[in-house]
Amino acid sequence: MITSRSFLRGCLTLIAALSLASCNKDDGSSGGALSGDAASRVYVAPGQKDEFYSFVSGGFSGQVAVYGIPSGRLFRVIPVFSVDPEKGWGFTEETKPMLNTSHGFVPWDDSHHPDMSQTGGVADGKWVFINGNNTPRIARIDLTDFRTKEILEIPNSAGNHSSPFSTENSEYVVSGTRFSVPIPQEDISITQYSEKFRGALTFVKVDKTSGQMDIDFQLLVPGFDYDLARAGKGPSHDWMFMSCYNTEQANTMKEINASQNDKDFIIAINWKKCAELAAQGKGTIMNVDYAHNVYNDATHSATSTIKKQIRILTTADIKGALYYMPTPKSPHGCDVDPSGELIVGGGKLATVIPVMSFSKMLKAIESGKFDKEIDGIPVLNYKDCLAGEVVRPGLGPLHTEFDGKGYAYTSMFVSSEIVKWSLKDFKVVDRVPTYYSIGHLNIPGGNSTKPWGKYVIAYNKITKDRYLPTGPELTQSAQLYDISGEKMKLLLDFPTIGEPHYAVACPADLIMKNSRKMYQLKENKHPHATLKEADTKVVRSGNDVHVYMTSIRSHFSPDNIEGVKVGDKVYWHVTNLEQDWDVPHGFAVIGANNSELLIMPGETCTLLWEPKRAGVFPFYCTDFCSALHQEMQGYVRVSNGGSGQVTWNKK
Ligand code: K7E
Ligand code: CUA
């Protein structure tokens, strides 16, 4: 959900006023309601492991958090779009290029929608893709070492919210723009919105082996707000479905002005066809700058390249590949069931959940009977495409996931509940309250052809009364429900980092078996690596001083350095010589204006330090690495003048 706290508060008031909380009597707040049975369902005994990995978006934290399911234990926060001093992300010389954009260094973003790479429609545990909303970007996280390996900026997009959605074999990850803007950007009056502003839908190709991303083409579409999407599956494999609102094309007070039309749209895109036309050279090449940042595992360093061109296809270039399906009022979620036949909209302001039929859509297209055209895009008839409606589902349907057993689960933001309904007759079969104001929900594999339908996890915006208070801002939270039986059953609450939006999860063994234990020293191609203690040295070049340092339990080499001068730029290139699992060493030096280094076994990291005063300064290891960790320290002498001849204690 779009983060607006006052809107949330308004909705909460509305819930109270309407007393719609739910007919389920289990209010989930009393310990008694949760029997020992629930506790034992989430209890992962000491030494035992969780059954699923869950990757949860951090929202305005810009990061991704990794939890175990069913325990709800937090394992790791993976830095993606925001700098992270704990891991040196965005502070080390090696990782700074990862956060470069056409706007320069951007050390923060808002991340909403992780999606896992898929093979044959099934989550494969290789990569997690996630969007940067504010300065449009897509990141790729490598699940062998839980690190962000690539960040690609999306040009012509403005608000990369509808992103990134993987096709069935991760041929593409797809991005829509939330805000339409002048394309190319120009200095014009905002009142020209409806004539001049356009939306850009971006198709990013993913290399099967390396995972590397590259923009293949971009579609220029009417200036609506594009929201959420899913790729087709099986019979609908070639298609992508994306919701859009503000078909009124309002440019002010959207809260009212973009809520006028009774129906907005789901845009159906035949991406296969678009890709073929792009490959044949259709469309035009536009000059526009965007950054492509890649982290190299061999050099342990990132590079940022500013790319200059993309291929643009207009609606005239791709006749017959784009259709609008009307969908009730201001849709948000847009989800495709495991069979690929049903497309579920989530009209935030609608009283029903519309379920569209892919086969009916194809028939409607064949019949050539359209309501109208918008910018050359045929608008299909709502009824012609409709499989059915879920009636009286609750208030504020947002997102839908599937259990693979014939049921769908839709989050209801306003009435604060999960509603389970049948894909056969669209009848509601169960509902449970969430505490409170659920946004997304996730079933492991629940957006794929193969859900592991054992749990559904609610991601909530509001937690009043649920946790110990922490001042004006309370934690946001996840709730785990058992869905193995007919009735959903609340098992656990656990707090989350930032604001959770979507999450993806998969069975632990998909990832565990490939988890990397260390980086091989002999494969370390970092230009400033030092692979043995005998090679450590300090080299001056003008005002730059390069320290080629190693760390191993429990010392640095060298650990005494003299000859540094005030005004020098000291580059500490520290190589961790350990070749054992889980033995990082840290490095910190007084007055550094960035962060620590946290260096994994076999890795090299670089900290830039610019000493501002003369004296003798300590440096030390920040990670308690052995019984003699406290001895892992050294000194650097800084002088005001002198020869600047650097010396160090040789090993
Ligand atoms: Cu509904 Cu950004 Cu996917 Cu949040 S969005 S909830
Ligand atoms: Cu190395 Cu502490």
Side-chain angles (χ1 to χ4, degrees), residues 1-5 7-8 11 56-60 62 109-115 130-134 159-165 175-176 178 225-230 242-243 245 330-335 345-348 396-401 410-414 416 418 434 436-442 447 457-462 476-478 496 498-504 549-557 559 574-578 580 582-588 596-601 605 619-634:
M1 194 64 204
I2 300 89
T3 309
S4 154
R5 288 181 180 233
F7 176 59
L8 296 182
C11 293
V56 184
S57 64
F60 45 69
D109 219 307
D110 184 11
S111 61
H112 288 215
H113 304 118
D115 201 3
I130 188 161
N131 63 328
N133 207 338
N134 184 53
N160 182 42
H161 183 260
S162 180
S163 168
F165 303 100
S175 268
R178 173 171 162 200
D225 291 30
Y226 293 84
D227 206 6
L228 280 159
R230 285 286 177 221
M242 184 179 282
S243 68
Y245 61 99
S330 303
H332 183 52
C334 177
D335 296 285
K348 299 172 294 229
L398 293 187
H399 302 285
T400 300
E401 292 262 301
T410 302
S411 57
M412 297 287 162
F413 176 76
V414 177
S416 205
I418 297 174
T434 58
Y436 305 93
S437 300
I438 180 176
H440 276 273
L441 73 182
N442 172 243
N447 67 352
I457 306 147
Y459 292 97
N460 301 319
K461 309 301 182 189
I462 307 273
Q476 308 193 50
S477 146
T496 54
E499 178 182 347
H501 292 264
Y502 191 51
V504 283
M549 180 179 264
T550 58
S551 60
I552 194 161
R553 280 162 291 181
S554 297
H555 59 272
F556 291 107
S557 175
D559 65 359
V574 187
T575 302
N576 179 347
L577 296 180
E578 306 283 354
D580 194 1
D582 198 23
V583 194
H585 290 290
F587 176 85
E596 67 160 352
L597 298 175
L598 189 63
I599 313 138
M600 298 304 125
C605 297
F619 53 84
Y620 73 103
C621 170
T622 49
D623 186 301
F624 205 107
C625 50
S626 75
L628 296 173
H629 154 81
Q630 285 295 88
E631 281 73 9
M632 198 164 172
Q633 51 178 275

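Both ligands and their constituent atoms are indexed starting at 1 by order of listing.
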Seminar exercise, completed: Quick note on ligand 1: atoms under 4.0 Å from a heavy atom of Gly439 include exactly 6 (S)
For this session: Would you check, one step at a time, whether the test side-chain hydrogen bond (donor to acceptor under 3.5 Å, both in side chains) holds for Thr550 with Thr575?
Result: CA-CA 5 Å; Thr550 58; Thr575 302; over 6 Å; no
Exercise. Looking only at side chains, do His332 and Asp227 share a donor and an acceptor under 3.5 Å apart?
Worked result: yes
Problem set entry | atom 2 (Cu) of ligand 1 contact by His112, N, O or S atom under 2.8 Å | yes
Problem set entry | Atoms of ligand 1 close to His332 [distance to a heavy atom under 4.0 angstrom, numbered from 1] | 1 (Cu), 5 (S)
Problem set entry | atom 4 (Cu) of ligand 1 to His501: nearest N/O/S atom name | ND1
Exercise. Has the side chain of Thr496 got a donor or acceptor atom that lies under 3.5 Å from a matching backbone atom of Gln476?
Worked result: yes
Problem set entry | Residue Lys461 vicinity, atoms of ligand 1 by number, heavy atom under 4.0 Å | 4 (Cu), 6 (S)
For this session: Identify, by atom number and element, the atoms of ligand 1 in contact range of His440, meaning under 4.0 Å from any of its heavy atoms.
Result: 1 (Cu), 3 (Cu), 4 (Cu), 5 (S), 6 (S)
Exercise. Does ligand 1 have a heavy atom under 4.0 Å from the side chain of Leu398, from its backbone, from both, or from neither?
Worked result: neither
Exercise. From His113, does some N, O or S atom reach closer than 2.8 Å to atom 2 (Cu) of ligand 1?
Worked result: no
For this session: Determine the minimum heavy-atom distance between Ser330 and Tyr245, stating which atoms define it.
Result: CA-CB, 4.0 Å
Exercise. For His113, does its backbone N or O pair with a side-chain atom of Ser57 as donor and acceptor, under 3.5 Å?
Worked result: no
Exercise. How many protein N, O or S atoms sit closer than 2.8 Å to atom 2 (Cu) of ligand 2?
Worked result: 4
Exercise. OG of Ser416 to CD1 of Ile438: how many Å apart, nearest 0.5 Å?
Worked result: 7.5 Å
Exercise. What is the distance from atom CG of Asp225 to atom OG of Ser162, rounded to the nearest 0.5 Å?
Worked result: 10.5 Å
Exercise. Which ligand 1 atoms are under 4.0 Å away from a heavy-atom of Leu228?
Worked result: 3 (Cu)
For this session: Would you check if the side chain of Asp109 reaches a backbone N or O of Asn134 as a donor-acceptor pair within less than 3.5 Å?
Result: yes
For this session: Measure from the side-chain N and O atoms of Ser551 to the backbone N and O of Phe556, and report whether any donor-acceptor pair falls under 3.5 Å.
Result: no
For this session: Could you tell me whether the side chain of His501 and the main chain of Gly439 form a donor-acceptor pair under 3.5 Å?
Result: no
